[in-house]
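Contents: one structure, followed by commentary.
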Amino acid sequence: MARPEQVLVLEPQHELKFRGPFTDVVTATLKLTNPTDRNVCFKVKTTAPRRYCVRPNSGIIDAGTSINVSVMLQPFDYDPNEKSKHKFMVQSMLAPYDMTDMEGVWKEAKPEELMDSKLRCAFEMPLENDKTTEHSTLPKSASASLDDGEVKKIMEECKRLQMEVQRLREENKQIREDDGLRKRKVTSMGTPHSSSSSAMATSAMRDEGLSTRILALCVLFFVIGVIIGKLAL
């Protein structure tokens, strides 16, 4: 006598997919739905029991309800050239109305009362593009909440500040050289002491102003550098 057709609805129906890398436990979920008006007993079996951990591996699904079965593949050395030969079987039977011992029910079950469905196992490694996408979609921390456009603007501002600092340094150097030349001319021409003092005071004010501007730009550049450093983390 042929076995009755499986009453449980399986999702997925034919294949359990495990997505690598397989250096850690990889879990696939098998959803079992009981669309009937009877409680259904089930068992999940595999051809490679040492490679998988199944929770729950047996139980009762009440009428009109579903359960999720977690199938955990243990870590192993993945060989892309080796095709998986592992298989799973979901065995089920209608629960007797007067059932008190589920294990006893399975032992006493007749072959024509048992239903089963088989699933293949498939191993997949993520593509390089998928890895990049997964990395880019990770949530950003509070210190890295700026988008790419803002980061680009900050980088451009850093370059502009670098050029500005360099220009101010060259300008400061040129002013010092001009002031030194002017002092030598004043000394050689024997100008009054007041003129020399005035020139020296003006030069000092210019030097102080330029030094303040350079210091401010350096501080700003340092702050922006710290922000970019956090973004890079």
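Index from 1, following the sequence.
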For [X] and [Y], which heavy atoms make the closest approach, and how far apart are they?
X: M125; Y: P21; value: SD-CA, 3.9 Å
X: P4; Y: E112; value: CD-O, 3.1 Å
X: V40; Y: S92; value: CG1-CB, 3.8 Å
X: L119; Y: E15; value: CD2-N, 4.1 Å
X: F88; Y: V44; value: CD2-CG1, 3.8 Å
X: K17; Y: A28; value: O-CB, 3.7 Å

message: Parallel, tilted or perpendicular, judged at 30° and 60°: which one describes the rings of F18 and Y52?
response: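 Correct class here is tilted.
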
query: Should the pair F22 and Y78 be assigned to parallel (<30°), tilted (30 to 60°) or perpendicular (>60°) ring geometry?
result: tilted

Derivation of the side chain to side chain contact (heavy atoms under 4.5 Å, CB included) call for V69 and V54: CA-CA 7 Å; V69 176; V54 183; 3.5 Å; yes

Quick one, [X] and [Y] - any side-chain contact, counting heavy atoms below 4.5 Å?
X: M115; Y: V7; answer: yes
X: L30; Y: P12; answer: yes
X: L10; Y: L32; answer: yes
X: N34; Y: F42; answer: no

Rounded to the nearest 0.5 Å, what separates atom [atom1] in [X] from atom [atom2] in [Y]?
X: D101; Y: K107; atom1: CG; atom2: NZ; result: 7.5 Å
X: F76; Y: E82; atom1: CZ; atom2: CD; result: 8.0 Å
X: M93; Y: E108; atom1: CE; atom2: CD; result: 9.0 Å
X: K43; Y: N57; atom1: NZ; atom2: CG; result: 8.5 Å
X: T29; Y: M72; atom1: OG1; atom2: CE; result: 9.5 Å

field: Test log, rule side chain to side chain contact (heavy atoms under 4.5 Å, CB included), inputs R51 and Q74
entry: CA-CA 6 Å; R51 298 286 296 275; Q74 304 305 305; 5.6 Å; no

field: Contacts of type salt bridge (charged side-chain N to carboxylate O under 4.0 Å, His left out), residue R38, not counting sequence neighbours
entry: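 R38 satisfies salt bridge (charged side-chain N to carboxylate O under 4.0 Å, His left out) with no other residue.
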
message: Could you work out, with salt bridge (charged side-chain N to carboxylate O under 4.0 Å, His left out) as the rule, every residue matching E11, not counting sequence neighbours?
response: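 In terms of salt bridge (charged side-chain N to carboxylate O under 4.0 Å, His left out), with neighbours along the sequence ignored, E11 is linked to no residue.
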
task: State which residue, out of I60, L94, L114, fulfils the side chain to side chain contact (heavy atoms under 4.5 Å, CB included) condition with C41.
output: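 Result for side chain to side chain contact (heavy atoms under 4.5 Å, CB included) with C41: I60.
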
query: Any donor-acceptor pair under 3.5 Å linking the side chain of T46 with the backbone of K87?
result: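 It does hold such a pair.
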
message: Whether the side chain of N39 engages the backbone of A63 through a donor-acceptor N/O pair (distance < 3.5 Å, no angle test) should be reported.
response: yes

field: Residue D77 excluded, over 12 heavy atoms near CG under 6.0 Å
entry: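 At most 12 heavy atoms, drawn from other residues, nucleotides or ligands, come within 6.0 Å of this atom.
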
query: Stepwise, does the side chain to side chain contact (heavy atoms under 4.5 Å, CB included) test hold for N68 with K31?
result: CA-CA 4 Å; N68 288 329; K31 183 178 181 180; 3.4 Å; yes

query: Same cluster for M102 and I67 if Ile/Leu/Val/Met/Phe/Trp/Tyr side chains link at under 4.5 Å?
result: no

